[in-house]
Peer 1: 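I am attaching a structure below and will ask some questions about it afterwards.
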Amino acid sequence: MITDDQTNKVYFSEYLRAYKCWKSIKEALLEHEINFEMLPGTKDIWVRDFMPIQKDVKSFIGYEYNPDYLKEEQQYITPDVHNCFEFTHNSLMIMNVIVDGGNVIKCDDKVIMTDKVFIENKEKDREFLQTVLEDSFGCEVVFIPWDKQRNADIQMEWYAMLNQGIL
């Protein structure tokens, strides 16, 4: 599994340009020579939530992004990532699973996710769903409890700070 720090480009929604913070973000990216690209056709600024997950250099894993907290706000759902990202030179495998990409943390030899994926896919057997996820990612998936306020990436930062005595 390729981790986020091993990828060669950072993607942002074109909508982020409208926010005051974009100038500072762009300056930091340029200063540190980080390759980035703006994605057209997105419905929300949080592209991590719906964009395919990079598995290795040329392969990506797609999923259905339709979280329960946006059921009444479908205008924020980007239904077809092909409209904002070109996959011609990459392999895209689609899982028939509802996932919020912010609840996926990629490590070298495993993926960490919140157990919210079981709530979002309640019609699927838990063991079957875990097998689909592990087969798709090609590694073990470790589930952490969903705290209903944060995605897995933020939860893990909190856990790290708690363990280091920062909080």
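What's counted below: heavy atoms across the whole structure, side chains too, no hydrogens, waters or symmetry copies. On a predicted model such as this, the values are computed, not experimentally measured, just so you know.
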Peer 1: For the residue pair W22 and F12, does the interplanar ring angle fall in the parallel (under 30°), tilted (30 to 60°) or perpendicular (over 60°) class?
Peer 2: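 Rings of W22 and F12: perpendicular, as their planes differ by over 60°.
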
Peer 1: Is I34 linked to I2 within one hydrophobic cluster, defined over Ile, Leu, Val, Met, Phe, Trp and Tyr using a side-chain heavy-atom separation of less than 4.5 Å?
Peer 2: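 Different clusters.
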
Peer 1: Please list all pairs meeting salt bridge (Lys or Arg N to Asp or Glu O under 4.0 Å) that have one or both residues in residues 124-136, counting only residues at least two apart or in different chains.
Peer 2: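 Those involving residues 124-136 do not exist here.
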
Peer 1: May I ask you to check whether over 12 heavy atoms, not counting those of K9, lie within 6.0 Å of atom NZ?
Peer 2: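 Buried by this count: over 12 neighbours within 6.0 Å.
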
Peer 1: Is it the case that one hydrophobic cluster holds both W46 and I98, taking links as side-chain heavy atoms less than 4.5 Å apart, direct or via other members?
Peer 2: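 Hydrophobic grouping puts W46 apart from I98.
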
Peer 1: Would you give the length of the straight line joining atom NZ of K26 to atom CG of L16, rounded to the nearest 0.5 angstrom?
Peer 2: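 If we round to the nearest 0.5 Å, K26:NZ and L16:CG are 11.5 Å apart.
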
Peer 1: Taking it one step at a time, do V117 and N103 satisfy side chain to side chain contact (heavy atoms under 4.5 Å, CB included)?
Peer 2: CA-CA 8 Å; V117 71; N103 282 324; over 6 Å; no

Peer 1: Looking at CZ of F50 and CD1 of I77, how far apart are the two atoms once the value is rounded to the nearest 0.5 Å?
Peer 2: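 These two atoms lie 9.5 Å from each other.
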
Peer 1: As a quick check of understanding, evaluate side chain to side chain contact (heavy atoms under 4.5 Å, CB included) for D4 and R48, giving each step before the final call.
Peer 2: CA-CA 11 Å; D4 289 342; R48 180 182 178 100; 3.1 Å; yes

Peer 1: Given the rule in the side chain to side chain contact (heavy atoms under 4.5 Å, CB included) test, do N8 and N35 qualify, once you have shown the distances and angles that lead to the verdict?
Peer 2: CA-CA 7 Å; N8 61 358; N35 193 11; 5.7 Å; no

Peer 1: List in chain and number order the residues that pass side chain to side chain donor-acceptor pair (under 3.5 Å) with D5, two or more places apart in sequence or in another chain; answer none if no residue qualifies.
Peer 2: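 For D5, the residues satisfying side chain to side chain donor-acceptor pair (under 3.5 Å) (neighbours in sequence not counted) are T3.
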
Peer 1: Which heavy atom of Q130 sits nearest a heavy atom of V141, and at what distance?
Peer 2: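 For Q130 versus V141, the nearest heavy atoms are NE2-O, 3.8 Å.
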
Peer 1: Take a 6.0 Å sphere around CD of E123 and say whether it holds more than 12 heavy atoms from other residues, nucleotides or ligands.
Peer 2: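 Yes, because the 6.0 Å sphere around CD of E123 holds more than 12 heavy atoms from other groups.
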
Peer 1: Could you walk me through whether Q6 and D108 pass side chain to side chain contact (heavy atoms under 4.5 Å, CB included), step by step?
Peer 2: CA-CA 10 Å; Q6 296 169 327; D108 289 327; 4.1 Å; yes

Peer 1: Once you round to the nearest 0.5 Å, how far does OH of Y69 lie from NZ of K71?
Peer 2: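 Y69 OH to K71 NZ: 11.0 Å, rounded to 0.5 Å.
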
Peer 1: For L92 versus G62, what's the shortest heavy-atom pair and its separation?
Peer 2: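 In this case the closest contact between L92 and G62 is CD1-N, 3.7 Å.
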
Peer 1: Under the salt bridge (Lys or Arg N to Asp or Glu O under 4.0 Å) test, which residues partner K122, sequence neighbours left out?
Peer 2: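 Salt bridge (Lys or Arg N to Asp or Glu O under 4.0 Å) check on K122 returns nothing, list empty.
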
Peer 1: With rounding to the nearest 0.5 angstrom, report the CE to CD1 distance, M113 to I105.
Peer 2: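 Atom-to-atom, M113:CE and I105:CD1 are 10.0 Å apart.
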
Peer 1: If you take all heavy atoms of S13 and V47, which pair is closest and at what distance?
Peer 2: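 Here S13 and V47 meet closest at N-CG1, 3.6 Å.
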
Peer 1: For the atom pair CD1 (I25) and CZ (R17), what is the distance rounded to the nearest 0.5 Å?
Peer 2: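 Reported to 0.5 Å precision, the distance equals 12.5 Å.
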
Peer 1: Kindly check if the number of other-residue, nucleotide or ligand heavy atoms within 6.0 Å of CZ (F36) is above 12?
Peer 2: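 Enclosed: over 12 neighbouring heavy atoms sit under 6.0 Å from CZ of F36.
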
Peer 1: Measure the CG-OG1 distance between L39 and T78 for me, rounded to the nearest 0.5 Å.
Peer 2: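 The OG1 atom of T78 is 9.5 Å from CG of L39, to the nearest 0.5 Å.
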
Peer 1: Please report the shortest heavy-atom distance between W146 and I119, naming the atom on each side.
Peer 2: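 Of all heavy-atom pairs spanning W146 and I119, the closest is CE3-CD1, 3.9 Å.
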
Peer 1: Would you check if M93 and S136 make a side-chain contact, meaning some heavy-atom pair closer than 4.5 Å?
Peer 2: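 Contact flag for M93/S136 side chains = yes.
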
Peer 1: Answer yes if the side chains of E120 and N66 hold a donor-acceptor pair under 3.5 Å, and no otherwise.
Peer 2: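 Short answer, no.
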
Peer 1: Step through the shown structure and confirm whether more than 12 heavy atoms of other residues, nucleotides or ligands are within 6.0 Å of OH on Y11.
Peer 2: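 For Y11, atom OH is crowded (more than 12 foreign heavy atoms under 6.0 Å).
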
Peer 1: Does a side-chain heavy-atom distance below 4.5 Å link E140 with D109?
Peer 2: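 Side-chain contact under 4.5 Å: no.
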
Peer 1: Going hydrophobic residue to hydrophobic residue with side-chain gaps under 4.5 angstrom, can you get from F128 over to I94?
Peer 2: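 Per the 4.5 Å side-chain linkage, F128 and I94 are co-clustered.
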
Peer 1: Which atom names give the shortest non-hydrogen contact between M1 and K106, and what distance separates them?
Peer 2: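 Taking every non-hydrogen atom into account, SD-CD, 3.6 Å.
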
Peer 1: With a 4.5 Å cut-off on side-chain heavy atoms, are V104 and F137 touching?
Peer 2: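 Side chain of F137 against side chain of V104, heavy atoms only: contact under 4.5 Å found.
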
Peer 1: Counting C-beta onward and ignoring hydrogens, is there a side-chain heavy-atom pair between P40 and E14 closer than 4.5 Å?
Peer 2: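 Side chain of P40 against side chain of E14, heavy atoms only: contact under 4.5 Å found.
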
Peer 1: Any heavy-atom pair between the side chains of M51 and T42 that's under 4.5 Å?
Peer 2: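 No. Closest side-chain heavy atoms not under 4.5 Å.
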
Peer 1: Given the rule that I, L, V, M, F, W and Y join up when any side-chain heavy atoms are under 4.5 Å apart, are L30 and M38 in one cluster?
Peer 2: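 Cluster IDs for L30 and M38 match.
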
Peer 1: What's the shortest heavy-atom distance between L133 and F143, and which atoms?
Peer 2: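 What the structure gives for the nearest pair is CD1-CZ, 4.0 Å.
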
Peer 1: Using modelled atom types only, decide if a donor and an acceptor are shared between the side chain of Q74 and the backbone of L70 within a distance under 3.5 Å.
Peer 2: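 Yes.
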
